[in-house]
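Every heavy atom of this structure was used, including side-chain atoms; hydrogens, water molecules and symmetry mates were not. Order of appearance sets the numbers: ligands from 1, and atoms from 1 within every ligand.
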Amino acid sequence: MTALEDTFRTRTGEAPSGTWFAPGRVNLIGEHTDYNDGFCMPFALPHRVTVAAGPRKDGQWVITSQNKHETVTVAPADLTPGRPGWSSYAAGVVWALRQAGYDIAGADLVLESDVPVGAGLSSSAALECAVLTALAELNGLDIAGMDRARLARTAENEFVGAPTGLMDQAASTLCTAGHALFFDCRDLTVEQVPFDPATFGVEVLVLDTNTPHSLVDSEYAERRTSCHEAARQLGVTALREVSADGLGDALTALADPLLRKRVRHVVTENERVRQARQALRTGSLDELAPLLDQSHASMRDDFEITVPTVDLAVETARAAGALGARMTGGGFGGCIIALVPAGRTDEVGEEVARAFAEAGYAAPAWFTATPSAGAGRLR
Ligand code: ADP
Ligand code: MG
């Protein structure tokens, strides 16, 4: 019996029906492209939310987070959007499933997670997708992968009230081990692109800058608004429709220099995601690594979503031997991702830690990420 099953049994007096999981994710490339109907290419982390679950007869959902050391009881009457607290990520999934017409019986859920929280590695989507996977199977529901992702996103957008795109939930649900997930945010189609860092002779370093997030919500809203305004002025539904070849004309057509910069990021970033997919297909590190650098420069100079800690981390990682590096995630803090020659990730991480100490920044945390499996049943 696993420790989680043991906790479940201690709390409920019964063995769980099963144990399910869903991972956090990191985005290899394609930032702020999702709400422009564009492309991104995340992969699942080995870090995951694991949930032991079993049915309850009283029609309630009783949810324990081992990380929070807390158990919350959710009755059907509690399923009102905007409910505060961590349990709303789980309650929101019940709500979204019921909104979609599924009958969801009461359940006991005991979860634990090793996904860093609030680092932009999507601990929230991991929690939603793990709970959704468990509840879908407990209730005998056959829901297609992308529909699961959309239901989990509905929980986060409409119940929790966080306006995120679909990438996080799609990655947590649909990724497969040894692959990055090329995701077309307009067509909602995916392609599993083989990505084994070892075949490139590299490891993927993920370094959390531990930057306190501020202004994220207002800045995020501003970027969305700017992109939608630029699309309106260009007469397209979304910036996805502006091709790399058409970028020059689009920039000429826009009078506002700020909108020009925002558009240049989105259009070139979409192109980089496609080029990165091609580089993975052909196994060309020489093509892949510079795309990360270019993506970072674009986020820093055109989209203006990086902050000094993040820029320092990227510059230091590059100087310490990383072959390509970029901020990953929505911006204004969070993590960087770097392609580092195999066996040298700690060396690069320590260099960044040294530079942070010198600059008076909080110490970073880091790990090596291998493309891992999406949500599923564990036991
Ligand atoms: P991110 O998804 O980047 O980690 P978010 O702010 O979107 O950050 O989501 C973090 C929130 O998700 C936490 O504040 C908490 O409410 C919830 N959460 C994530 N993991 C857990 C967990 N293991 N137990 C309870 N709540 C969790
Ligand atoms: Mg999140």
Establish, from distance only, whether the side-chain atoms of Arg11 and Thr64 form a donor-acceptor pair under 3.5 Å.
yes
Considering non-hydrogen atoms of the protein only, which is the closest contact for atom 9 (O) of ligand 1, and what is the distance?
Ser124 CB, 3.3 Å
Approximate separation, where rounding is to 0.5 Å, of Glu128 CD and Thr173 OG1:
9.5 Å
Return the residue, atom name and 0.1 Å-rounded distance of the protein heavy atom closest to atom 26 (N) of ligand 1.
Trp86 CB, 3.3 Å
Do Tyr361 and Leu312 have side chains that get closer than 4.5 Å, going by heavy atoms?
yes
Which residue holds the protein heavy atom closest to atom 6 (O) of ligand 1, what is that atom called, and what is the gap in Å?
Tyr89 OH, 4.4 Å
In this structure, are over 12 heavy atoms from other groups packed under 6.0 Å from Glu14 atom CD?
no
Look at atom 19 (C) of ligand 1 and say which protein heavy atom is nearest, naming residue and atom and giving the distance to 0.1 Å.
Ser123 OG, 3.2 Å
Are Phe182 and Phe195 close enough that their ring centers fall under 6.0 Å?
no
If you measure from each non-hydrogen atom of Val49 to ligand 1, which part falls under 4.0 Å: side chain, backbone, both or neither?
neither
Given Leu28, which of Leu280, Thr328, Val273 fulfils the side-chain contact (heavy atoms from CB on, under 4.5 Å) condition?
Leu280
Atoms of ligand 1 under 4.0 Å from any heavy atom of Lys68, numbered from 1 in the order shown, are 24 (N), 25 (C), 26 (N)
Check ligand 1 against Leu121 and write out every atom of the ligand that is under 4.0 Å from a heavy-atom position of the residue.
3 (O)
I want to confirm something. Looking only at heavy atoms, which of Gly118, Gly24, Pro116 is nearest to atom 8 (O) of ligand 1?
Gly118
Give the single entry among Leu127, Asn67, Val115 that approaches atom 23 (N) of ligand 1 most closely by any heavy atom.
Asn67
Only residue of Arg281, Gln275, Arg274 satisfying side chain to side chain donor-acceptor pair (under 3.5 Å) with Gln278 is Arg281
Show which atoms of ligand 1 fall inside a sub-4.0 Å distance from at least one heavy-atom site of Ser113.
23 (N)
Tell me whether the rings of Trp95 and Phe159 are parallel (<30°), tilted (30 to 60°) or perpendicular (>60°).
tilted
Here's a test for you: under side-chain contact (heavy atoms from CB on, under 4.5 Å), which of Thr309, Thr211, Val310, Val307 qualifies with Phe332?
Val307
Measure the distance from atom 3 (O) of ligand 1 to every protein heavy atom, then report the residue, atom name and distance (to 0.1 Å) of the closest one.
Gly120 N, 3.1 Å
Checking only N/O/S atoms, does Ser122 have one that is under 2.8 Å from the Mg ion (ligand 2)?
no
Ser65-ligand 1 polar pair, N/O distance under 3.5 Å:
yes
Closest protein heavy atom to atom 13 (C) of ligand 1, given as residue, atom name and distance to 0.1 Å
Val117 CG1, 3.6 Å
